[in-house]
Amino acid sequence: MEERYNPREIEAKWQADWEQAHLFQVEDDPARPKYYLLEMFPYPSGKIHMGHVRNYTIGDVVARYKRMQGHNVLHPMGWDAFGMPAENAAIANNSHPAKWTYENIDTMRAQLKRLGFSYDWDREIATCRPDYYRWEQWLFLKMYEKGMAYRKESFVNWCEPCQTVLANEQVEAGMCWRCGKPVAQKKLQQWFFRITDYAQDLLTHCDQLPGWPEKVTTMQKNWIGRSKGAQIEFPVDGSDKVIPVFTTRHDTVYGATFMCLAPEHPLVPELAMGTGQEEAVDEFIQRISRQERTTKAIEDYEKEGVFTGAYCRNPMNGRRMPVYTANFALMEYGTGAVMSVPAHDQRDFDFAKKYGLEIVVVINPEDEALDADAMTEAYTQDGVMAHSAPFDGLPNRQAMEKIADLLEEKKIGRRAVSYRLRDWGISRQRYWGAPIPVVHCPDCGIVPVPEKDLPIVLPEDADLLEGGRSPLPGLESFRKTRCPECGSAAARRETDTMDTFVESSWYFERYCSPHCDTAMFDRKAVKYWMPVDQYIGGVEHAILHLLYSRYFTRVLNDIDLVDFKEPFTRLLTQGMVCKESVTCPEHGFLFPEQVEEGEGGDRCALCAKPISVGRVEKMSKSKRNVVDPNILLDQYGADTTRLFCLFAAPPERDLEWSDQGVEGSARFLNRVWRLVYNWFGQIADAAPYKGSPDKLEGDLRELYKKTHQVIEKVTRDIEDRFHFNTAISAVMELVNLAYNIKLPVKGPDAEGVLRHAAESAVLLLSPIVPHFAEEIWHLLGHQESILLSPWPRHREDALVKDEVTVVVQVNGKLRNRFVVALDTDEQALKQMAVEDEKVGKFIDGKTIRKVIVVPNKLVNIVV
RNA sequence: GCGAGAGUGGCGGAAUUGGUAGACGCACUGGACUUAGGAUCCAGCUCUGGCGACAGAGUGGGAGUUCAAGUCUCCCCUCUCGCACCA
C-alpha cells in the first residue's frame, strides 16, 4: 500500500474497470424491488458546471446507496438537446445547431464519466434524434385525434429578439425567460395542448404528493390559480349580445355601475361601431398593445380606459352601465370582462374617480352606513348587504350563496370556477426543434401526417437565416409535400416546431425502454420502472417542466398507455451553488486571478484600486464567480469534488463554495487513507469482528460501539432525508476516534475490530467517494467490487450505551453533570444530585420545591 | 399586495418526541516533529469579567406557556424565493 493517496491514477483505473464489467447496466427484473432514480437531464450547453456536479452527485450517492441496499436501480442520463442556444451558438460560430449540440454532448458525457457517476449509459437518449422525437410526433397525432391538441388564432407572447412565441410559463414578469427582453402580443395561428382540461385534477393532486416539497406544490397551486365565483351575463343595450363576466364577488353585483373589457376583447370594436367612439377606442387599443408589460411598468401604470359608446344592463337591477375598455382588464383571465364595483374594489374605485363614474355602496360594515361620496378608498371587507333589493340586511357571505341561487334560477348566470392556467401554446417559429407532424392542404385544410410516415425528420443540413429566423418555411425540400388525404401537390408542411418542454415531458418514460422502435415505450418496462421513485433537480423547474410532465402523464393515462397519473413520487429540489463575487470600482466583476493581495486588503490587479467583496450569489459567468469543475478534477479528483459538494450543505439548501473547504475534504480523504495505511499491518489478513460488544473492553469496545452507532446514523441520514453532510460528519467522528487508538492494540479480537471499523467506514463512504472506497476495498484483499457489497447493518446491542452523562439543573440552569451507569434509577439520581457539592452551592438555604428526573438525561431541582 | 421559506460563533453548518446549544468542518491561535513546511500530529477556539477555579449573558427583537424553549404560542423586525392590474 502506498503511503499517499493518488486520485488521478485510481479514478481512471476504476472507471475503466466498472465500465468493462457493465456494473451499472440494469434490466427489468420483477423479482427484485425496483428503484428509479432520476436527475433532471441537462441541456448540452457546452460543458458541465458546478450546478450539474452537485445535482448529479446527490443523485449518484442515492443510486449507489440503493443498489447496496439490494434494489434494482435504474439511473439513466440523457440530453435535452433541442432549443435556442444551439441556434444562437450556430449563428455566432458560423456552425450548425446539430454539430454544436453533438459536440457538446460528447464533451459533457466525458466530463460526467470523469466524475464517476453510475449511469446506465446504454440508455442514453438525446431528444434531437429522430428515434426520440418520432414518438413525440406520434403522441401529437394521438392528441390531435382526441382533441387534446388544437390550433387556433390567438394573441400570443411574441419575443422579437428570439423571433418566437413563448408559453405563458416562459414569460417572467413580462420579459422573455431566455433573453430578458420585453414580450409583445401578436396574433398568430398556433398549436395548443388543452392542459386546462386537467386544471382541477392537477390542482387536486398537489395535495397528494407527500414526497414533494411543499414549496413546489404551493407554486403549482398558485400557478393553476383556482378562483371560485360566478359567471354573470350582462345584456348589451339595444342589441341581442351579452357580455359574460366572471367574478369572485357576486355578492357585490348590485353595486356594478360600469363594465370594463380587455382591449383585445372581440366585442370592443363591435360595440364601438356607430357610436362615434370608434376612433378613440382604436387609438387606445393600439397604444395599449404597445405598452411594456414589465413588473415595474405595470406598477407605474395608471388605470386608464376609454368609453366604447355602448351600454349594458345590470341583470339584477336593470341599471344602465357604460361599457369601457380598460388597460387593467386582461383578456387572458376569466372572460376578459370585469363588472366594475367601485365601492368594493380598489381598482374599480380609482377608475370611477378618474372618469366620474357612479359609486354605489352595497356592503356596509357592521355598525355604520358608508357614504359613497365621502369614501376615499374601496371597502373590501365583509359586511351587511345594502341597496341590493331582496338581500338587504343579510351578511354578504350568506347573500353570496343566495345571489348565486337566484342567478341560476333566472338563468342569467351560474356558479363558476376560473383558473389562471392557460392552454399550453407549443408552436415555435424556430428551426432546432421537433417538427409538428401536420400538413396544410388548400382543399382538405389541416391534415395530420399518417403514422406510417413518421418521423417527420428535421433536415439537419439547413442553414440558419439572418436574425435567427427559421429556415424551414423557405426550405422547399422540407415544406413541399403531398396531401396525405387527397394527394394534392399544393399541400405544405407545417413549419413550426414544438416547444422543447414537450420533449422533457416524457423522457423519463423513454428511459425505461430507450431502444423501443415500435412504440413510445415498452409498456411492460414502464409498468415495472415507473413512476420515478426519486427525482432530483433545481427549483427553477418547479412550474414549467414539472407541471408539463404531470400533464403529459395524465394524457398518457387517458389514452391508456400508462396506469398512473403522477410521474414523480418524491422530488428533491437542490439549492444553487453560490460563491462570493469580487468587484473593482473601475473594472466591475473580477476573476479570482485578477485579485492581488496588498497592504490593507486585496486590490484589483488591473488598476490597484481596493476591491470590494460582493454578495454570495449563484455562480454565473457574468459575475465571474464560477468554479470550473475541470480544474477541480485536475487538482483534486472526482472524489474530493463530490465529497465537498455533499459536505458543505444539505442538498436542498444553497451551497456556498469555499476553496478552503475543498482543501478540507481532500484532507479528510487523505486522513482516512493514512488510517488504513497505519493499520494495514494489523488488519490486512484479519476477518472483521462481527460479534457482540460484550466480549470487548476498553478502546476496542468503544471503537466497536462507535462503528455501529455511525452505521446507524449514516443510514438514517441518507434514508430519511438525504442529509449527506451529517452522514459525512458521523464518519469523521469515527475516523477521529480511530486515530486515538494506540497501536499496536492487543487482545484476541483486536485485529477484527479494527478491520470492522475500517471496512465499515469505507463502505459508508463508498457511495460518496466511490473510486477511493473501491481502491481501499481491494487493498484490503477483496476481489469483488465494493459496489456489489451489501450496505453495512448495525447491531442493536452495540447501540446500547454503557454509561450516560446526566446533567443536573437548578431552576433549569446547568450546574453540574456526572457520568453514571445506564438506567441508574430515579431515586439514586435524585440523591446524587441533591448531595452534589457543586449543586449544593445553589440549593443551600433554599427549599426544594420539586425535583424532576428524566432517566438517563437530567435532574432538575426547583427551589 | 398575496403566498412560501429562513434568521444559531469569525465562516459553512449540527442539535430525535421541548431535556448538556454550537457536533463535524473551515479559518484563526499556541505547541510538537523538522534544514524547511503551505505535510502531519497535539491543544485551544460563542461573548463578557477574572491569573484561575468560576460567575454572568447567549440561537433576529419582544412577550407568553413550561420544572425546562433554538425547538411550542402570539406580536414585531430582517432577508431569500415564487406569483403579481387575477376581476
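Letters A, B, ... mirror the listed sequences (proteins, then strands); counts begin at 1.
If you take atom C1' in B:G13 and the same atom in B:A23, they sit 10 Å apart, rounded to whole Å. Comparing the same atom, P, in B:A55 and in B:G62 gives a spacing of 25 Å after rounding to whole Å. If you take atom P in B:U16 and the same atom in B:A87, they sit 42 Å apart, rounded to whole Å. For B:A14 and B:G64, the P atoms lie 31 Å apart once the distance is rounded to whole Å. Taking atom C1' on both B:A84 and B:A4, the two are 15 Å apart, rounded to the nearest angstrom. Rounded to a whole angstrom, the distance from the C1' atom of B:G9 to that of B:A15 is 15 Å. For the C1' atoms, the distance linking B:C45 with B:G10 amounts to 11 Å, nearest Å. Rounded to whole Å, the C1' atom of B:G7 lies 6 Å from the corresponding atom of B:G60.
Atom CZ of A:Phe246 and atom C1' of B:C85 are 16 Å apart (whole Å). Going from atom NZ of A:Lys713 over to atom C1' of B:C24 covers 10 Å, rounded to whole Å. In this entry the distance linking NE2 of A:His723 with C1' of B:C24 reads 15 Å, nearest Å. The NZ-P distance, from A:Lys618 to B:C81, rounds to 12 Å in whole Å. The interatomic distance linking A:Leu655 (CG) with B:C11 (P) rounds to 17 Å, in whole Å. For the pair A:Asp654 CG and B:G13 C1', the computed distance is 14 Å after rounding to whole Å.
Environment of NZ in A:Lys221: crowded, with over 12 heavy atoms of neighbouring residues, nucleotides or ligands closer than 6.0 Å. Within a 6.0 Å radius of NZ in A:Lys801, other residues, nucleotides and ligands contribute 12 heavy atoms or fewer.
Side chains of A:Gln231 and A:His250: a donor-acceptor N/O pair is absent below 3.5 angstrom, by distance only. For the residue pair A:Tyr677 / A:Glu2, no side-chain donor-acceptor distance below 3.5 Å is found, with atom types taken as modelled. At a cut-off of 3.5 Å, with distance as the only test, no side-chain donor of A:Gln574 or A:Arg54 sits close to an acceptor on the other residue. A:Arg287 and A:Asn327 share no side-chain donor-acceptor pair at under 3.5 Å. Of the N and O atoms on the side chains of A:Tyr5 and A:Thr640, not one donor lies less than 3.5 Å from an acceptor on the other residue.
With A:Trp223 as the aromatic partner, A:Arg420 meets the cation-pi criteria of under 6.0 angstrom to the ring centre and within 45 degrees of the ring axis.
Although no hydrogens or angles enter the test, the distance criterion places no donor-acceptor pair under 3.5 Å between the side chain of A:Asn816 and the main chain of A:Lys838. The backbone N or O of A:Val362 lies less than 3.5 Å from a partner atom in the side chain of A:His344, making a donor-acceptor pair. Remark: the backbone N or O of A:Glu358 is paired with a side-chain donor or acceptor of A:Thr257 at under 3.5 angstrom.
A sub-4.0 Å separation between OP1 or OP2 of B:G12 and a side-chain N or O of A:Arg653 is absent. In this model, the phosphate group of B:G5 is not approached by any side-chain N or O of A:Lys215 to a distance below 4.0 Å at OP1 or OP2.
Taking the side chain of A:Gln660 as heavy atoms from C-beta on, and the options B:A87, B:A27, B:C85, the nearest nucleotide is B:A27.
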Pull out every protein N or O sitting under 3.5 Å from an N or O of nucleotides 32-35 of chain B, one pair per line with the distance.
none

For nucleotides 52-62 of chain B, print each protein N/O atom paired with a nucleotide N/O atom at under 3.5 Å, atom names and distance only.
{"residue": "B:G56", "atom": "OP2", "partner": "A:Arg815", "partner atom": "NH1", "Å": "3.0"}

Are there any protein N/O atoms within less than 3.5 Å of an N/O atom in nucleotides 40-47 of chain B, and if so, which ones and at what distance?
{"residue": "B:U40", "atom": "O3'", "partner": "A:Arg674", "partner atom": "NH2", "Å": "3.2"}
{"residue": "B:C41", "atom": "OP1", "partner": "A:Arg671", "partner atom": "NH1", "Å": "2.7"}
{"residue": "B:C41", "atom": "OP1", "partner": "A:Arg674", "partner atom": "NH2", "Å": "3.2"}

Filtered N/O pairs between nucleotides 19-22 of chain B and protein, under 3.5 Å:
{"residue": "B:U20", "atom": "O2", "partner": "A:Arg817", "partner atom": "NH1", "Å": "2.6"}

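In this structure, A:Tyr324 has its ring center closer than 6.0 angstrom to the ring center of A:Tyr355. Between A:Phe724 and A:Phe647, the distance from one ring center to the other does not fall under 6.0 angstrom. For A:Phe328 and A:Phe351, the distance between ring centers is under 6.0 angstrom.
Applying the salt bridge (Lys or Arg N to Asp or Glu O under 4.0 Å) test to residues at least two apart or on different chains, the pairs with a partner in residues 718-732 of chain A are A:Lys66-A:Glu719, A:Asp717-A:Arg721.
Between A:Val810 and A:Ile843, some side-chain heavy-atom pair lies under the 4.5 Å cut-off.
When heavy atoms are screened at a 4.0 angstrom cut-off, A:Asp348 is found touching no nucleic acid atom at all. Within the nucleic acid shown, A:Ala329 comes within 4.0 Å of at least one base atom, counting heavy atoms only. Using a 4.0 Å heavy-atom cutoff across all strands shown, A:Ser658 reaches no nucleic acid atom at all. At the heavy-atom level, A:Glu214 lies under 4.0 Å from the strands shown only through sugar-phosphate atoms.
B:G9 takes the syn form, because its glycosidic angle lies no more than 90° either side of 0.
Consecutive pairing runs in RNA chain B reach the stem threshold at B:1-7 with B:77-83, B:10-12 with B:24-26, B:28-32 with B:40-44, B:46-49 with B:54-57, B:60-64 with B:72-76, where a stem means at least three Watson-Crick or G-U wobble pairs with distances under 3.5 Å.
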